[in-house]
Each structure stands twice: as C-alpha cells, then as structure tokens.
Amino acid sequence: MDLSAEVCLKIYTDMWRIRLFEEEADRQTNLGNVVGTLHMYCGEEAVATGVCANLRDDDYVLGTHRSHGHCLAKGAKSDRMMAELWGKATGTCKGKGGSMHVADFSLNMLGANGIVGAGIGPTTGTALASKLRGTDQVSVCFFGDGAAARGTFHEAIAMGSLWTLPVVYVCENNGYQQWVPRENVAVVDSVADMAASYSIPGVSVDGQDVVEVYEAAGEAVKRAREGGGPTLLEARTYRFYGHSLGDEQQYRSSEEVDEWKENRDPIKLLAQFMRDRDWLSEKQDQTIQAEANAEINAATRFAEESPWPSADEVATDVVAPIQEVA
Amino acid sequence: MKTMAFNEALREGLHEEMARDDSIFVIGEDVITHGGPYKVTEGVAERFPGRIFETPIAEAGIVGVGVGAALAGMRPVVELMYLDFVTCAMDEVVNQAAKMRYMSGGQGSVPMVIRLPCGVGRLLAAQHSQIMESWFMHVPGLQVVVPSTPADAKGLFKSAIRSPDPVMFFEYKRIYTSKGEVPDGEHLVPIGLADIKREGEDATIIAVGPMVEKSLEAAITLEDDGYDVEVVDPRSLSPLDTDTICSSVRKTGRAIVCGEDSAFAGAVSEIAAMIGENCFHDLKAPVARVGSPHVPMPFSAELVKHVVPSSESVVSAVQAVMN
C-alpha cells in the first residue's frame with residue numbers, strides 16, 4: 001500500500017483543513033459564537049486522514065467525542081460542520097447535535113459520539129449489515145485509548161471476530177484519558193496487544209507518521225474488504241490541546257507539549273516527507289494552506305449568516321412522523 | 001380466526017415479517033438452540049439461514065450491534081433473555097438507539113425492536129422479574145409497547161418490526177403460554193392505539209399487560225355489586241393514546257389505573273397524572289392506582305402474592321372508587 005504523491009497531497013490538504021478548522025472553532029469559541037465545548041483534534045490529524053484515505057464514500061465511519069477530524073477526512077463539508085458548532089439550522093444535524101454529534105450520513109459518516117467507547121458496538125453492527133447484504137463495504141471505528149477500558153470494547157470486538165466482520169477498530173492512543181496519563185490507569189501499555197484476546201491481528205503504528213498509518217490502515221481495510229475479518233489498529237498519537245476547552249492541563253508539562261508540537265507535528269512530518277521526494281514545492285505548500293484557510297473562513301461566514309433553527313424544530317426528529325409508519 | 005398461544009403468535013408474526021423483508025434479522029443469547037428461551041425464535045434458523053445470530057453473553061454488545069445495523073438500514077429484532085439484563089445495555093438503548101434520529105437532525109434512525117421478557121414467571125426473585133416500563137417511557141425517542149393478548153402480540157410485533165424507530169417490546173413471561181384468538185391473514189395493530197377490551201358505564205379500568213385479563217375477571221365479579229366497568233388496554237405506553245383513555249374516563253367519571261409494576265413513578269402514575277390533568281372536571285372520585293408495592297421482587301411464593309396485584313386488588317380498588 002505505497003503512498004503516491006497524489007494521495008499524499010490529498011492527505012496533506014485534509015490535514016491542513018482539519019488543523020485550521022479546529023483553530024477557527026477555538027477562535028469562535030473565544031468570540032462566544034461556538035458554545036458548549038470542543039474536543040480538539042490538532043496533533044492527531046495523521047490518524048483520521050491516513051485511515052480515511054483508504055476508504056470509499058460508501059464505507060462506514062463512526063467516531064468519538066473528538067471527531068471533527070474524522071468527519072472532514074471522510075469528506076464532510078466544513079461549512080455545514082461549522083454551522084453545526086454554532087447551533088445553526090444549516091448545520092449537519094440542524095443544530096441538534098453540536099460538536100460531539102457531528103455526522104454526515106450521506107457519506108456514511110454516522111456520527112461522533114459523546115459516550116466513550118459507545119461507537120465500537122454500532123460499528124460492528126454496520127459491518128454486520130454489510131455482510132448480511134453481501135456488499136464489500138468496510139466499517140471503521142475510531143476510539144481513544146480510554147475506550148479500550150470499557151466493556152463495549154471487549155463485547156463488540158469479540159463479536160466482530162466471531163463473525164469475521166469487515167471492520168477496522170482504530171484506537172487513537174493519545175496517552176491521556178481525559179486528565180489522567182494512560183500508565184496510571186491501564187495495565188496494558190499497547191492497546192494493539194489486546195487483539196490477541198480476540199484472535200485478530202493487532203498492529204501498533206506511529207500515529208504522527210501518516211505514511212505508517214496509511215500503509216497499516218490500507219492492509220487492514222484490504223483484509224476486511226476481502227473477507228479476512230477485523231484488525232485492531234493502534235495509532236500512537238498526541239493531542240496538542242487539552243481534553244476539552246478550559247482544561248488546565250496540570251497533568252502534563254508545557255515542555256512536553258512543545259516538544260510534540262515542534263518535533264512530532266504530523267503536518268510538519270508529512271511536509272518533510274514530501275519535500276524529500278520533490279512532491280511538494282514551496283509554492284504548492286503556500287497554495288494548499290491558503291486554500292484551506294479560505295475554505296475555513298468561508299465556513300465561518302456561512303455559519304454566521306445562517307439562520308437559527310425555528311422553535312418547531314425542538315419537537316421534530318424525535319421519532320418519525322406518524323404517516324411514515326407502515 | 002385461530003387459537004394460539006402468546007409466544008406462538010409472536011413467532012408467526014416474526015416468520016411473516018422475515019419472509020416479507022430481507023433486512024430483518026434476529027440477534028440475542030440462545031436464540032437458536034431449543035428455539036430460543038421462549039420458543040419465539042423457533043424455526044428461524046432453519047427457514048432463514050444466516051439471518052439469526054446467537055451471541056456471546058454480552059448485552060451491551062448485542063444492542064450496540066443492533067444500533068449500528070439499524071443505522072445501516074437493517075431491521076434487527078433483538079432478544080434480551082430477561083428484561084432485567086437491559087440494565088447491562090442502558091447506554092446503547094438510552095444514549096444511542098433513542099437519540100440517533102434527534103442528534104443527527106433526522107439523517108439517521110434506528111429501526112430496531114428490543115424484545116423484553118419481563119415480570120414474574122417462575123419464581124426467580126429480584127433480578128429476573130422486573131418490568132420497568134416507565135424507565136423507557138421517560139426516554140424520548142423510544143416507543144414502549146405492551147401487548148396483553150396473542151392477537152395484540154402478533155399485530156403489535158409486526159408493527160414494531162416495521163417501525164422506523166426503536167421499540168421496547170414488553171413480553172410478560174407469565175402469559176407466553178396463554179391462548180387467544182388471532183385473526184387470519186395480515187394482522188397489524190398500530191402502535192399508539194388503545195383498545196377497549198370491555199365496554200361499561202360506571203368506571204374505567206386502564207390496565208397494562210396481564211392486568212387486562214385480571215381486570216376483565218374483576219369486571220365479572222363487580223357485576224355482582226351492580227357495577228358495569230369499562231376496561232381500556234393502552235397497548236402502547238409511549239406513544240400513549242390519551243384520546244381513547246380520556247374519552248372513556250369522561251364517560252364513566254371514574255378511573256382506576258392498573259399495572260403489575262411498582263405504582264410509584266410507574267407507568268400507571270403517568271397515566272393517572274394525565275387523567276387528572278385532562279379529566280379533572282369529569283371525575284366523580286379521585287383517580288386510583290393499582291400496582292405492586294415499592295419493593296424488589298421477593299423469591300418466596302408466599303411473599304410474591306403480596307407483591308403482584310391480583311384481580312381481587314382490582315375489585316377492591318374499584319369498590320373503593322365507587323363508594
């Protein structure tokens with residue numbers, strides 16, 4: 001699964017779209033326009049982009065509370081996502097979901113999820129649906145290292161393996177479950193090692209290196225699509241921001257964060273990889289960043305100019321209107 | 001019309017629906033071996049191979065898989081062996097299945113039926129005898145369906161399977177083998193429509209699940225007192241057919257709401273409050289509730305009979321209201 005220049009450019013562009021989307025969302029929070037909370041994906045961009053570059057539009061993706069990156073990497077429109085963060089009627093979920101529930105079902109991105117580890121069962125279910133229908137769609141579940149402690153991880157992966165389902169379980173191990181370093185609360189260092197309990201392959205990669213992520217995910221997706229069953233893919237990564245907005249981050253040093261930002265930034269690492277192969281000129285780089293910046297600014301304008309949901313929206317989408325019932 | 005048992009009616013409904021729609025599949029514990037714990041899934045593995053999944057003992061996983069399959073357009077029929085075990089899958093029911101349509105702004109929905117064998121059957125004490133209808137009535141996005149007869153069981157089950165949204169389908173274990181007439185051919189009972197099981201003029205008994213049968217027995221006893229009571233079976237607790245219930249109460253001026261579950265914060269309490277709010281000026285007496293006391297289900301048969309309300313409890317409640 002070698003990474004071509006073309007795919008690299010696409011991934012590089014998406015990484016910038018995600019990075020700038022998150023920074024803009026943070027800025028809009030400070031301006032009081034985006035309310036609630038945000039779980040920023042900055043620092044982890046290589047995971048979503050490296051995995052999703054292997055997926056088709058009809059493949060399923062389910063995410064976490066930190067899923068803006070997963071949505072954008074799956075192809076969701078930044079303007080409708082930003083509108084969702086504002087709570088506007090034009091948001092992906094008409095303003096009813098917000099940051100923790102962004103979703104684009106037209107792309108089979110079935111949503112972020114506010115409950116840790118809650119997407120693992122449902123992703124096993126989308127994979128079961130594909131198998132029952134005889135399609136070759138693959139399902140991907142993103143979850144954090146904290147989710148690997150939940151019973152849902154065990155229950156769902158066991159069933160995914162039992163029925164040889166076309167699913168890739170992607171653990172974004174960023175070293176912290178909310179405010180607690182992983183080593184304080186986990187007895188297994190590598191989540192990938194847990195795969196042995198379910199008789200499926202467990203692979204651990206450097207989640208800052210998109211080339212590694214892309215190649216490992218490519219193999220896992222191929223295996224799933226060809227009927228070989230699930231893979232547990234762990235990407236060792238790092239979040240540049242706190243768990244959510246307002247996190248004082250007393251559990252880690254600013255030196256540690258700076259070290260990752262300086263030397264382990266997935267965007268910088270990919271840029272270097274491409275420059276080494278003459279796949280990215282200075283001019284191309286500037287253009288990519290300028291276009292991503294323009295896209296995100298347009299997203300904010302779209303959100304700002306969009307209408308608020310009307311009051312009657314409170315009671316729609318709870319259950320189907322009665323006439324839809326057979 | 002043919003006579004069949006409650007569980008046979010469910011089985012017939014399941015087979016008919018699975019033959020009609022390829023997207024329906026069954027998932028749960030022990031659902032293949034011995035035809036399932038209650039014989040409802042009997043014959044499915046043979047007739048619809050590959051469309052029934054016998055799972056590990058993993059309720060959160062089972063319901064979670066159902067949620068995902070439903071989001072992807074399938075129609076899972078989930079069996080939880082005992083209703084009590086749904087507590088192991090509360091996130092999947094409450095935070096996932098119930099809220100997907102709303103959180104996604106209507107992009108997706110979860111057309112899933114969760115079958116919940118509930119109540120006292122054999123004497124299995126506090127962890128295998130609960131009902132908990134009101135827990136799920138309280139969650140927007142869930143439909144709560146409680147059939148009391150084989151005909152309603154079949155008709156409501158088929159409607160539940162066809163519903164675009166999740167249905168918590170309560171099956172009282174004690175009435176699985178009770179028999180009744182079921183209409184021939186396609187028989188659908190809409191969710192959200194109450195049924196008047198007996199017409200009367202003097203008081204309205206609103207009875208949930210097996211309390212319907214006990215209330216009909218009570219009605220016969222009450223004839224000796226000269227009371228002509230009406231028995232209304234809501235059949236679905238959410239949505240609740242408030243129109244049918246209120247029309248009956250306005251006619252009779254008296255309401256006795258009966259369920260097997262704890263009356264405290266139970267389904268009967270919501271119905272009683274709704275009647276009080278809407279029919280206050282038509283009432284000739286305060287609304288009465290019949291339910292179990294607020295205690296865990298004991299084991300001993302001698303204790304159980306003080307917990308589960310009987311037809312005599314209904315008779316006493318009606319007599320009190322009439323006086």
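Hydrogens, waters and symmetry mates are skipped; everything else that's a heavy atom, side chains included, is used. Within every chain, numbering begins at 1; the chains are lettered A, B, ... in the order of the sequence lines, protein sequences first and strands thereafter.
For the set A:I115, A:T92, A:N108, A:I120, the entry with the most heavy-atom pairs within less than 4.5 Å of chain B is A:I115. Counting heavy-atom pairs closer than 4.5 Å to chain A, the top-ranked of the candidates B:P56, B:G66, B:S104, B:G73 is B:S104. Between chain B and the residues A:K94, A:E84, A:K96, the most heavy-atom pairs under 4.5 angstrom are made by A:K96. Of the listed residues (A:V102, A:L128, A:T124), the one with the most heavy-atom contacts under 4.5 Å to chain B is A:L128. Here A:L132 is the residue among A:L62, A:I157, A:L132 with the most heavy-atom pairs under 4.5 Å with chain B. Of the listed residues (B:G108, B:P190, B:G192, B:P76), the greatest number of heavy-atom pairs within a distance under 4.5 Å of chain A belongs to B:G108.
When the shell of 6.0 Å around CD of A:Q178 is examined, it contains more than 12 heavy atoms from other residues, nucleotides or ligands. Residue A:W86 qualifies as enclosed at atom CH2: its count of foreign heavy atoms under 6.0 Å is above 12.
Within the 4.5 angstrom heavy-atom criterion, no atom of A:S130 approaches chain B. B:E59 touches chain A through its backbone: at least one of N, CA, C or O sits under 4.5 Å from a heavy atom, while the side chain does not. The contact between A:A118 and chain B is made by backbone and side chain atoms together, counting heavy-atom distances below 4.5 Å. Of the two parts of A:T126, the backbone and the side chain both hold a non-hydrogen atom closer than 4.5 Å to a non-hydrogen atom of chain B. The part of B:I27 that comes within reach of chain A is its side chain, from C-beta onward, which places non-hydrogen atoms under 4.5 angstrom from that chain.
The OG1 atom of B:T55 sits 6.0 Å away from atom CH2 of A:W163, with the distance rounded to the nearest 0.5 Å. We find the CE-SG distance between B:M100 and A:C93 to be 10.5 Å, quoted to the nearest 0.5 Å. Atom-to-atom distance recorded for A:L110:CG and B:L71:CG is 5.5 Å, nearest 0.5 angstrom. Note that CZ of B:F53 and CG of A:L162 are 10.0 Å apart. Values are rounded to the nearest 0.5 Å. Remark: B:Q107 CD to A:H101 NE2 distance equals 13.0 Å, nearest 0.5 Å.
When atom types are taken as modelled, the side chain of A:E313 and the backbone of B:G105 share no donor-acceptor pair closer than 3.5 angstrom. Of the possible donor and acceptor atoms, none in the side chain of B:D165 sits under 3.5 Å from a partner among the backbone N and O of A:V319. The main-chain N or O of A:V314 is found under 3.5 Å from a side-chain atom of B:Y102 such that the two form a donor-acceptor pair.
Counting heavy atoms from C-beta outward, A:D317 and B:M103 have side chains that stay 4.5 Å or more apart. Residues A:E155 and B:V65 form no side-chain contact, since every pair of their non-hydrogen atoms from C-beta on lies 4.5 Å or further apart. Annotation: side chain of A:R133 is in contact with side chain of B:M74 (closest heavy-atom distance under 4.5 Å). Side-chain contact between A:N113 and B:Q96 is present, with heavy atoms from C-beta onward closer than 4.5 Å.
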